[in-house]
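Here is the naming used below: chain letters follow the sequence lines, and residue numbers restart at 1 for every chain. Note that these values count all heavy atoms, side chains included, but never hydrogens, waters or copies made by symmetry.
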Amino acid sequence: MDNRELAETFDRIGDLLEIKGEVVYKVLAYRRAAESIRSQSRAVADLWREDELRSIPGVGEALATKIDELMRTGKLDYFEKLKREVPVTLVDVLRVGDVGPKKAARFWKELGIQDLPALEAAARDGRLQRLRGMGERSEARILKSIEALKARQTSRVSIARARPVAESLLERLRFLPGVAAAEAAGSLRRCRETVGDIDLLVAARRPQDVIRAFLSFDDISRVRGQGDTKASVEMASGLAVQLWVHPPEHFGTALQYATGSQAHNVRLRELAQSKGLSLSEHGFKQANGSIRECDDEVEVYRLLGLPWIPPELREDRGEVEAALEGRLPDLITQADIHGELHAHTDWSDGAATLEEMAEAAAQAGLDYLVITDHSRSLGVANGLTPERVRQQRRKIDALQKKIGGRLRLLHGTEVEILADGRLDFPDDVLAAFDLVTASVHSSLRQSRGRVTSRMLAAIRHPHVDIIGHLTGRMIGTRDPADLDLEAVFQAAAEQGVALEINAHPDRLDLNEAHARRATELGCLLAINTDAHRPEHFALRAYGIGIARRGWVTLANVVNSWDVDQVLRWARGHAR
DNA sequence: GCCGTTTTCGGCCCGACTGTTTTCAGTCG
């Protein structure tokens with residue numbers, strides 16, 4: 001049983017317990033454990049074999065026993081019993097906005113509603129509004145929420161889709177009279193790979209004016225809620241947006257609050273309590289009732305006795321402890337990256353010429369660019385034959401002479417790792433490249449053993465320098481290959497082969513948990529855009545975001561090195 | 001159900017908004 005399935009099981013148990021009316025802290029304990037398991041950088045199955053389950057934050061005696069049962073038998077008696085008490089289809093009812101555990105339980109017990117279609121039918125028949133404490137408006141709200149739930153395919157969208165929408169709104173908000181500042185917060189600011197909704201924070205003296213102006217933006221299609229200090233809307237595109245408006249004196253605490261994560265905020269508020277303070281978005285309330293305001297986020301953390309914690313780390317994954325102990329990682333930044341090691345041209349499936357890609361790389365401020373077109377067996381991508389490889393080398397050398405010292409051009413390849421683990425070019429062809437990235441694009445559905453041994457063979461191949469987009473996953477459309485990551489990371493660390501963090505927002509592969517584990521094991525990493533057109537060099541921001549969420553520091557990122565160091569490494573490691 | 005230089009028992013963040021209520025429960029982030 002993998003981490004995701006395990007986390008889902010615990011989440012589901014939490015949902016059922018909540019509907020059943022169990023004390024909330026037990027529910028929270030299951031959810032906290034689920035989240036902790038989801039963000040584990042190691043497979044829980046491995047920890048189970050090593051008898052280390054209790055090292056997972058939020059897993060105590062009772063949950064460790066349950067994980068053990070799930071690992072041994074694939075089932076959990078406790079969960080099965082629970083499902084006989086509470087219909088498991090009710091968890092779908094919980095997904096409806098404005099319906100929480102209390103209402104779900106009442107709909108079930110008083111109206112016999114066990115699933116989403118039954119809820120919708122009841123709402124349409126006007127049966128919900130006849131319940132005590134309900135009314136016409138509540139029923140209409142629920143019906144709208146059901147429609148919204150059905151309309152969107154998944155509840156989360158790519159960060160790359162959300163960011164431009166947020167930027168567009170922020171530009172307009174900053175232009176409003178009386179607005180001192182406007183920033184994106186929430187999961188967007190924390191650089192999660194997907195975001196559930198867009199959270200925006202505005203500093204202004206007269207919040208109601210800002211909210212009124214915001215609600216009149218013409219791309220807003222529905223107002224979900226509005227008050228004196230916040231508004232919640234849906235965009236025409238279906239994206240949900242939340243706006244908070246606070247006076248400038250509160251901006252520090254408000255930004256901290258709106259950035260989250262919720263789990264991180266809970267940790268900070270507990271820390272505040274231990275100092276006799278009560279922390280909220282309005283400030284620190286002292287024991288005598290007076291409020292200490294903060295217009296600056298750094299000050300919020302300072303008052304808690306902490307250094308400022310970068311938003312990407314705020315997930316309650318050990319960052320508060322690290323901050324308390326003065327061992328926060330010195331995270332990689334965009335400015336640390338000096339070269340692109342993975343880019344395509346129209347020689348294979350890229351959209352632009354060598355010249356155009358070189359020009360764009362120089363414009364993007366890069367010092368060096370490695371051209372890595374596909375190898376021959378990737379027919380759909382017009383992969384290069386050895387003969388075309390030699391032609392491309394001559395073309396690159398000529399172009400280098402033409403552009404001079406502005407940009408160092410290197411000749412590389414993204415060579416296919418074939419289904420049997422061999423590479424798609426013979427050794428003498430590979431030897432002629434400045435840099436070799438090896439990737440898997442097909443036969444991703446092979447067994448765990450086979451995919452892993454293919455990957456290990458590639459890592460141990462004397463000419464391979466980088467493994468591209470390791471798992472092959474495409475967010476939302478293609479599952480990652482089933483790999484023994486621990487074995488892959490160890491081999492990569494031993495061989496000095498770098499693992500790519502592919503910055504394309506559909507890939508982000510390694511993901512943040514993998515990046516963190518790879519870093520712990522001492523792997524080298526490469527943060528690449530896999531650019532197929534000039535504007536793709538800008539995608540690096542998303543790769544940097546994931547790297548930072550994976551606690552990646554400057555030390556082991558190969559494209560933070562200068563070109564000579566990269567070439568020395570490419571020639572020298574484990575050959 | 002978890003967790004501990006204030007505790008192995010008794011805590012477990014804080015506030016805004018909504019709708020149905022005559023003072024509050026439920027939901028959400």
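With both pairing distances under 3.5 Å, B:dT8 is matched to nothing as a Watson-Crick or G-U wobble pair.
When the nearest nucleotides of DNA chain B are assigned to A:Glu61 and A:Gly225 by heavy-atom distance, the more 5′-ward of the two goes with A:Glu61. Along DNA chain B, the nucleotide nearest to A:Leu277 and the one nearest to A:Ala231 differ in position, and the one closer to the 5' end is contacted by A:Leu277.
Of the candidates B:dC12, B:dA16, B:dC2, the closest approach to any side-chain atom of A:Ala29 belongs to B:dC2. Of the candidates B:dG1, B:dG15, B:dC17, B:dG1 carries the atom nearest the A:Tyr78 side chain, counting heavy atoms from C-beta on. Relative to the side chain of A:Lys285, the nucleotides B:dC2, B:dG15, B:dC12 differ in distance, and B:dG15 lies closest.
The pair A:Glu85-A:Lys20 counts as a salt bridge, with a side-chain nitrogen and a carboxylate oxygen less than 4.0 angstrom apart.
Remark: the A:Arg156 side chain and the A:Thr194 side chain contain an N/O donor-acceptor pair separated by less than 3.5 Å.
A straight line from CG of A:Asp316 to C1' of B:dC2 spans 13 Å, rounded to a whole angstrom. Taking atom OH of A:Tyr30 as the reference point, atom P of B:dG1 lies 4 Å away to the nearest angstrom. If you measure from atom CG of A:Leu271 to atom C1' of B:dC12, you get 15 Å, rounded to the nearest angstrom. Taking atom CD1 of residue A:Ile56 and atom C1' of nucleotide B:dG1, one finds them 15 Å apart after rounding to whole Å. Rounded to whole angstrom, the span from the NZ atom of A:Lys275 across to the P atom of B:dT5 amounts to 14 Å. A:Gln273 places its CD atom 14 Å from the P atom of B:dT6, with the value rounded to the nearest Å. In this structure, A:Glu35 atom CD and B:dG1 atom P are separated by 20 Å, rounded to whole Å.
Phosphate proximity of B:dG1 to A:Tyr25: absent, as no side-chain N or O sits under 4.0 Å from OP1 or OP2.
One P atom belongs to B:dT21, the other to B:dT27, and the distance between them is 15 Å to the nearest Å. Comparing the P positions of B:dT23 and B:dG11 gives a spacing of 29 Å, expressed to the nearest Å. A distance of about 29 Å separates the C1' atoms of B:dG19 and B:dC12, rounded to the whole Å. Taking atom C1' on both nucleotides, B:dC14 is separated from B:dC9 by 25 Å, rounded to a whole Å.
With sequence neighbours excluded, no residue forms a side-chain hydrogen bond (donor to acceptor under 3.5 Å, both in side chains) with A:Glu52. Among residues two or more places apart in sequence or in another chain, the salt bridge (charged side-chain N to carboxylate O under 4.0 Å, His left out) test is passed with A:Asp92 by none. Considering only residues two or more places apart in sequence or on other chains, A:Phe79 meets the ring-ring contact (aromatic ring centres under 6.0 Å, His included) condition with none of them. A:Arg549 pairs by the salt bridge (charged side-chain N to carboxylate O under 4.0 Å, His left out) definition with A:Glu315, A:Glu512, not counting sequence neighbours.
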Report all side-chain donor-acceptor pairs from residues 226-245 of chain A shorter than 3.5 Å, counting only partners two or more places apart or in another chain.
residue, atom, partner, partner atom, Å
A:Glu234, OE2, A:Arg222, NH2, 3.4
A:Gln242, NE2, A:Asp199, OD1, 3.4

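Counting non-hydrogen atoms under 4.0 angstrom, A:Ser274 reaches nothing in the nucleic acid. Contact annotation for A:Leu279: backbone-only contact, meaning every heavy-atom pair under 4.0 Å involves sugar-phosphate atoms and none involves a base.
Within the structure, salt bridge (Lys or Arg N to Asp or Glu O under 4.0 Å) contacts touching residues 236-250 of chain A (residues at least two apart or in different chains) are A:Arg205-A:Glu249. Applying the salt bridge (Lys or Arg N to Asp or Glu O under 4.0 Å) rule to pairs touching residues 53-64 of chain A yields A:Arg54-A:Glu61, sequence neighbours excluded. For residues 126-135 of chain A, the pairs satisfying salt bridge (Lys or Arg N to Asp or Glu O under 4.0 Å) are A:Asp125-A:Arg127, with sequence neighbours left out. Residue pairs meeting the salt bridge (Lys or Arg N to Asp or Glu O under 4.0 Å) criterion with at least one partner in residues 301-310 of chain A, sequence neighbours excluded, are A:Glu299-A:Arg302.
Listed in residue order, the members of residues 1-24 of chain A having a heavy atom less than 4.0 Å from DNA chain B come to none.
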Please list, pair by pair, any protein nitrogen or oxygen found under 3.5 Å from a nitrogen or oxygen in nucleotides 8-11 of chain B.
none

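Few gaps surround CG on A:Asp77; more than 12 heavy atoms of other groups in view lie less than 6.0 Å from it.
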| message | ring pair (Phe, Tyr, Trp, His ring centres under 6.0 Å) for A:His282 and A:His246? Distances and angles first, verdict last. | response | CA-CA 8 Å; A:His282 305 294; A:His246 281 267; 5.4 Å; yes
| message | What does the B/S/- profile of nucleotides 19-29 of chain B look like, 5' to 3', with a 4.0 Å heavy-atom cutoff to protein? | response | SSS----SSSB
